[in-house]
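Note that the coordinates shown come from a computational prediction; the quantities given were computed from them, not determined experimentally. Residues take their numbers from the sequence shown, with the count starting at 1.
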Amino acid sequence: LLSGKVVVERAAANSAAALADDASITARISAALAKDPDLSAIKIDVDTKAGAVRLSGPAPSEAAKDRAGSLARSLEGVTSVNNELVVGKS
């Protein structure tokens, strides 16, 4: 019984750490996007789960969309990027 409790506690701790990591990744991507002159003025939604990032919302150009994806991919902890930004929509 004790070993089962340790496993559950460890799983909960790992889950909490993963959530904190995901929140950190989301915050770092949002901060990086805010520093980009083409991307800072638009609303890009950043969602992260287990290091997998999803970007959604408008992009002013294909180059800006690509830059947002590259920015996200460049950050430590990011395992994949699903770039769903739509060019030309606001």
Side-chain angles (χ1 to χ4, degrees):
L1 185 65
L2 182 60
S3 65
K5 181 180 179 193
V6 170
V7 169
V8 169
E9 287 175 356
R10 201 172 284 149
N14 288 343
S15 178
L19 286 175
D21 288 347
D22 288 344
S24 172
I25 289 169
T26 297
R28 289 184 290 134
I29 292 172
S30 295
L33 294 173
K35 291 178 186 173
D36 185 287
D38 288 335
L39 301 171
S40 64
I42 59 175
K43 175 66 174 135
I44 295 177
D45 291 318
V46 181
D47 296 309
T48 309
K49 183 169 182 169
V53 174
R54 183 175 67 87
L55 303 175
S56 60
S61 66
E62 195 65 41
K65 175 182 176 176
D66 292 344
R67 197 163 53 257
S70 294
L71 262 168
R73 275 185 214 86
S74 72
L75 294 177
E76 185 178 339
V78 174
T79 58
S80 65
V81 175
N82 182 10
N83 190 341
E84 298 178 1
L85 296 178
V86 178
V87 176
K89 279 219 163 179
S90 54

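- The nearest pair of heavy atoms linking Ala64 to Asp38 is CB-CB, 4.3 Å.
- Here Lys49 contributes atom NZ and Ser80 contributes atom OG; the two are 12.5 Å apart, rounded to the nearest 0.5 Å.
- Annotation: salt bridge (charged side-chain N to carboxylate O under 4.0 Å, His left out) contacts of Arg73 (sequence neighbours excluded): none.
- Of the inter-residue distances, the one linking Arg67 atom CZ with Ser74 atom OG reads 12.5 Å to the nearest 0.5 angstrom.
- The residue from Asn82, Asp45, Val81 that alone fulfils the side chain to side chain contact (heavy atoms under 4.5 Å, CB included) condition with Leu55 is Val81.
- Taking all atoms of both residues into account, the shortest heavy-atom contact from Glu84 to Arg54 is OE1-NH1, 3.2 Å.
- At least one donor-acceptor pair closer than 3.5 Å links the side chain of Lys65 to the backbone N or O of Leu85.
- When all heavy atoms of Glu62 and Val87 are compared, the pair lying nearest together is OE1-CG2, 3.4 Å.
- Taken to the nearest 0.5 Å, the CG atom of Asp66 stands 7.5 Å off from the CG atom of Asn83.
- Formation of a donor-acceptor pair under 3.5 Å by the Asp47 side chain with backbone atoms of Val53 is not found in this model.
- Checked against side chain to side chain contact (heavy atoms under 4.5 Å, CB included), Leu33 has the following partners two or more places apart in sequence or in another chain: Ile29, Leu39, Ile44, Val46, Ala68, Leu71.
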